[in-house]
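Let me begin by presenting the structure, written as structure tokens, before commenting on it.
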2 protein chains.
Amino acid sequence: MCSQKSPVTDPGSFAATEARIRRTHERFPAFRRDAAVLVRLVRHIQAQVHDAANAILREHGLNHADYNILIMLYGSADQAMNPSQLGGAAGEKSANLTRICNGLVDRGLVDRVADPQGDRRKVQLSLTRRGVELLETLLPVMTDLLDRCMLGFAPDERDQLEHLLKRLLVNVEALGRPA
Amino acid sequence: MCSQKSPVTDPGSFAATEARIRRTHERFPAFRRDAAVLVRLVRHIQAQVHDAANAILREHGLNHADYNILIMLYGSADQAMNPSQLGGAAGEKSANLTRICNGLVDRGLVDRVADPQGDRRKVQLSLTRRGVELLETLLPVMTDLLDRCMLGFAPDERDQLEHLLKRLLVNVEALGRPA
DNA sequence: AGTGATTAATTCATTTCTGAAGTACAATAG
DNA sequence: CTATTGTACTTCAGAAATGAATTAATCACT
């Protein structure tokens, strides 16, 4: 109403989303405003982080999915995981995980070997030295990205948010199961 | 009837993610635990909601992206939006939005006409009667999905979460803008 | 009125992701 | 032991999403 729209995504744009949700609620009262707002917020946040990460990683020849795999391995107890663990951790479907790891193996960032326990269905994925090196050149800039997400959040607010999101996660994980 | 959905994340597994983040922080101290946890929570929540919505909508011949477009239009003030508004609202890139809307137009759920204001660059998208009818058959089940997300949340907790996520959104929206 | 920048939407080639099916192995039970 | 059931991963074909043009119209200035 007052100033002209700011250049990229204008920060007040979520107000329009809320107005739409309100109208939907008016037309269809069972449709809950609060839940809809939360779900759309999560969607927008995730999309923005994803895009920002992709933009940064592109110039290093990686994308967000690749990075996620690398950092999962970097943080894993014995520097190694098998695809199903990795898929769960990174939130990738198994078919997609196979494809992503193929790329990382081809580029010499990840090693794929037979499961040391001898279960011949399983496979062990781990970072190569090159993988570790690349990831460690990425970490400063990705860390900076995370820092910028947290600007203006007090420690107790972060805790609050973390706690609430964990409860939300429990709820949404149950969505896949019932009828 | 016997085809079971394979869960992407096994429930309770977020503890493993936290352990990985902690180890990453130990190896690379600047990497912040709190921000990383929040970002991964958001990612997992979004993925679960997306998958659950897709599973529900598939049997109606739609997917989550389609549904989002329909409900944005349903809630819009004059039942019509142009692609750029819709893209911003639904969090879709413009190229993708064109593709999605092509499909919806082809199926007779959405109308695409010239902008009534006369700006010949613009296009008006609106729900057809069939689009409204289909959406209204979907709304009960999608509403139920949203309700299940909110199980166990008190009103003030929902407010808290909404408030915190809005602040997080402001931060992540700034990520895209050059530092 | 003429120019250069901006905005809106689309196209296009390519990459990424998905669901379903397939292969190989392991575990369990009859 | 062998049959059934379940798990781990891969393959595959098709769908969805991306980034970089492209086309076309409007805007902002002079």
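Just so we're clear, the structure is a prediction, and the values are computed from it rather than from any experiment. Naming convention: chains lettered A, B, ... in sequence-line order (proteins, then strands); numbering from 1 in each chain.
Every ring-ring contact (aromatic ring centres under 6.0 Å, His included) that A:His64 has, sequence neighbours left out, goes to A:His50. Scored by the side chain to side chain donor-acceptor pair (under 3.5 Å) test, A:Thr17 finds A:Arg20 as partners (sequence neighbours excluded). Listed by chain and residue number, A:Thr98, A:Arg112 satisfy the side-chain contact (heavy atoms from CB on, under 4.5 Å) test with A:Asn102 (two or more places apart in sequence, or in another chain). Every residue meeting the side chain to side chain donor-acceptor pair (under 3.5 Å) condition with B:Arg99, not counting sequence neighbours, appears here in chain and number order: B:Asn96. Shown here are the side chain to side chain donor-acceptor pair (under 3.5 Å) partners of B:Tyr67, two or more places apart in sequence or in another chain: there are none. Under the side chain to side chain donor-acceptor pair (under 3.5 Å) criterion, B:Asp147 pairs with no residue, sequence neighbours left out.
Across residues 71-82 of chain A, not one residue has a non-hydrogen atom less than 4.0 Å from an atom of DNA chain C. Of the residues in residues 87-104 of chain B, those lying under 4.0 Å from DNA chain C by heavy-atom distance are B:Ser94, B:Ala95, B:Thr98. For DNA chain D, the residues of residues 111-124 of chain A within the heavy-atom distance limit of 4.0 Å (strictly under) are A:Arg112, A:Arg121, A:Lys122, A:Val123, sorted by number.
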*Take A:Val110 and A:Leu127, measure what side-chain contact (heavy atoms from CB on, under 4.5 Å) needs, and give me the verdict at the end.*
CA-CA 4 Å; A:Val110 163; A:Leu127 290 179; 4.2 Å; yes
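The CG-P distance, from B:Asp51 to C:dC17, rounds to 13 Å in whole Å. Straight-line distance from the CG atom of B:Leu86 to the P atom of C:dA8: 13 Å, rounded to whole Å.
A nucleotide of DNA chain D counts as in contact with chain A when one of its atoms lies under 4.0 Å from a heavy atom; the first and last such, 5' to 3', are D:dG6 to D:dG19.
Bending across the helix from C:dA1-D:dT30 to C:dG30-D:dC1, expressed as the angle between its end axes from five pairs apiece, amounts to 30° (10° rounding).
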Validation: residues 78-86 of chain B side-chain donor-acceptor distances under 3.5 Å, sequence neighbours left out:
unit_1, atom_1, unit_2, atom_2, d
B:Gln79, OE1, A:Arg27, NH1, 2.4
B:Gln79, NE2, B:Ser76, O, 3.2
B:Gln85, OE1, B:Asn82, N, 3.0

